[in-house]
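Here the structure comes first, spelled out in structure tokens, and everything after it is commentary.
Just so it is clear, the values below take in all heavy atoms, side chains as well, and ignore hydrogens, waters and symmetry mates. What you see is a predicted model, and the numbers here were worked out from it, not measured in a lab. In what follows, every chain begins at residue 1, and chains take the letters A, B, ... in the order their sequences are listed.
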Amino acid sequence: MADPVLTFTEKGIFCPAGGFYIDPHRKVDRALVTHGHSDHARPGMGAYLTTHAALPVIRHRLGRIAAEGIAWGEPRRIGGATVSFHPAGHVPGSAQIRVEVAGEVWVVSGDYKTEDDGFAEAFEPVAAHGFVTECTFGLPVYRWQPQAQVTGDLLTWWQGLAEQRRPALVAAWSFGKAQRLIAALAGLAPLPGPILTHPAVEAVNRVLRTQGYPLPDTLALDQARPEDFAGALILHPPSAQGGPWADRLADAETALASGWAAVGRHRQGRGAMRGFALSDHADWPGLNAAIRATGATRVVTVHGYTGVFARWLRDQGYDAAAGDHTPPRDEAD
Amino acid sequence: MLTLAALIRDLDADRTLSAREAALSRHFAAMAPQDRLRTAALLLGRRPRRIASAGELGAWAAAAAGLPDWLFDLCRAETGDLAEAAAQVLPPPASDAGPVPSLAEVLSGLARLSGAPEAERHAFALALWGRLPVEARHTFNRLTTGGFRLTLPPGLIARALARLSNADPATLALRLAGDWDAGTADPASFAAPGEEALAPAPFPPEPPLAVPVEALGPATAWRVEPADGPRAQLVTGTNGAALWSETGEPLDPAPLAALVRALPPGSVLGGRLAPGGRFRPTDLPRLAGARIAPGDQGPRLAALIAGLPAGLPILPVPVPLTAWIDLPALAGPGGAVLHPVAGIGPRHLWTPPPRLLTAALIYGHAAPGTGFATLSFGLPDPATAEFLPVAQIPPGLPQAGMAEIAAWIRAHTVERFGPVRLVPPERMFELAFDGVAPAPRRKAGFVLLNPRLVRALPQAVARDATPLAAIAALIRREG
Ligand SMILES: [Zn+2]
Ligand SMILES: [Zn+2]
């Protein structure tokens, strides 16, 4: 019997026919990388292959690496396998990776979301025999409202604070969520105040602007004057430490922009006063719809509620199992 | 229902009294007058009887969402809240679902269906789920299962209502605290002026003293009032009396009934509710309907009390001090309030100098943006050598120092419980505190009163920590 197209090893998802790994979490010679989040693009690989669109952020984060970019949908022969990269809709440049070996097609989803956020390249279903799906939010309590609804709610909240000359402090991941929010809010102008960004957010903003992603100008926190803070929206990574600007945020209201905000317990656990359930991952209906759209009969779940989701998929008639490799934690939610 | 759900979201977001009052008045403004009273009733704890057990609601929601029981149980575990899980697993209302149900429709349905057959209660829940957005569905589910628990004090609700109607907040607060029915109450008469207002007068400020007492001049210029209970004002009318807390909440005046009978109607007696159900008068802003100037209140109060019958539950008015050295002995657990003998001029709250201890950092409680919202400190239990938590306080160190500590916590986390990180007891700090109170349910057996972080002790190690027993002993000595 031939090797399976993909195997799930300690180092990550491996393609024996092509001799490469997808989003490996240990050092390997050849890595195909879905996107620039730190749980997918890790340092120390011999060679990287990723989309042209994902490459600048990965270089920004990993420094000097041997990396090659590839166009959307371009087939590439690697050993006995043919691979191509297709938009995953998760963050700018993020891809699903299609792997074909001897006529059998598998797709590794990476992280994905099915709603078009108007900023990242929109998710495209890819027909496959087997689908490796993330399931960060693979429980039925996770159902997102449309982006326009969530950003509208966020804007209303910000307006209320701006009228009181108070800052609105929003925790959002520095790559992906922050830029998506900035772009979506820009579409709702006029805004009640300036958008200030944590230096970690601003660094990614610069990279994406250079690439041509339509991102309006923002003001880095360390460049802001004291008067800029009244009525401003401040975007910072959830793990950010207070900086020299911390005392200007004393009367801020805090919010979490994340899929976890859909559940009150998670929102409070993250110390935020408000939650805006805006996720860069698929929700429960999105996961189920994406799997259906591939036409795959075999599904491997990774990254999240793997056991639960695989059990549900088996109940629905899929040949589904949890992948053995489960990376520790996601950078984006 | 939409406004009620949005109100609850805002009340949860910022729990300070001023933010809650603003949220109430903002959302009350968007409600019909009758809905304001319905909402006020819910927030005062007057809730409809539940129409579903937890088991019923879970079964209805799982079936409606097409989920097997095992998966719905996981959803419930994920949210930790049945009402929330049941609200979130269902799809949003269809675009042709019909109007979002009003609060009146929900409440009347709940009242009608209490005790009805399961099929009718089930049908009602399904019909409303189909018309309610997720957030309002969550509130609805809490009402159906008796899980609606948020309560607010009547004074706070009254102030928010009064902003909209020009009504007297004191009259409204007393009406809200009294006996009424949201179904039959008339908003207009609710907001109408009463026969007599039993409103409190402003409480004279008692800011904490920022300088040593000696800076206040001779001790004989001051009278001392022990801070041994909450401040309150007793207001008498011709047909009753009201007792107000400093935050404007009506309290029960019944324990002071004898004092009420002895006072002339139209009086406001300010003071402190001391232990043992007794009242210590300090102010007399109004007597028999006449306002009294601050400078005159001292002698008028003394004369009033001298004329009262014996045996009333009142304590003597504050006495003049002879020397500053006597002050600590005259203070209560919360310190002492210094009143100028002349009756005019500012008061000061004096608190005893802080006590100090050396404790180890044992937990960090993470918060976005600010790193760690609070830190927990512990003292060693000699029996087990375990550090037991005695204080949880905001960092309050200069930014640079805090950043270093936050990084240290991240690097040395032994275990995580949600946002809480456990670290080994290796970083020592000096804490100040005002006293100790017994707390039998705490592992340490006590809590520190008003603990605060003084400084990091980089040279200190775990064995330099103050022994737990040394602090516990303060309780016994100080009673
Ligand atoms: Zn990601
Ligand atoms: Zn990920």
Discussion item. Is any side-chain heavy atom of A:Trp173 closer than 4.5 Å to one of A:Val201?
Written reply: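 A:Val201 vs A:Trp173: side chains apart.
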
Worksheet item: Do the non-hydrogen side-chain atoms of B:Trp70 and A:Val308 ever get within less than 4.5 Å of each other?
Response: yes

Worksheet item: For B:Ala6, is it the side chain, the backbone, both, or neither that has a heavy atom closer than 4.5 Å to a heavy atom of chain A?
Response: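 For B:Ala6, there is no contact with chain A at all, as no heavy atom is under 4.5 Å.
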
Item to complete: Against chain A, label B:Asp10 side chain, backbone, both or neither, depending on which of its atoms sit under 4.5 Å from a heavy atom there.
Response: both

Worksheet item: Side-chain donor-acceptor pair under 3.5 Å between B:Trp408 and B:Glu426, yes or no?
Response: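 No donor-acceptor contact under 3.5 Å links the two side chains.
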
Discussion item. For A:Tyr305 and B:Glu78, which I'm curious about, is there any donor-acceptor pair between the side chains at under 3.5 Å?
Written reply: yes

Quick one: what part of [X] sits under 4.5 Å from any heavy atom of chain B, side chain, backbone, both or neither?
X        : value
A:Arg267 : neither
A:Trp284 : side chain
A:Ala252 : neither

Worksheet item: Does any N or O in the side chain of A:His198 come within less than 3.5 Å of the main-chain N or O of A:Ala171, such that one atom is a donor and the other an acceptor?
Response: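 No, because the side chain of A:His198 does not come within donor-acceptor range (under 3.5 Å) of the backbone of A:Ala171.
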
Worksheet item: Any chance the rings of B:Phe372 and B:His365 have centres within less than 6.0 Å?
Response: no

Response to the item:
Highest number of heavy-atom pairs under 4.5 Å with chain B among A:Arg143, A:Gln145, A:Met273 belongs to A:Arg143

Practice prompt. Pick whichever of B:Pro91, B:Ala86, B:Ala87, B:Ala85 has the most heavy-atom pairs under 4.5 Å with chain A.
Written response: B:Pro91

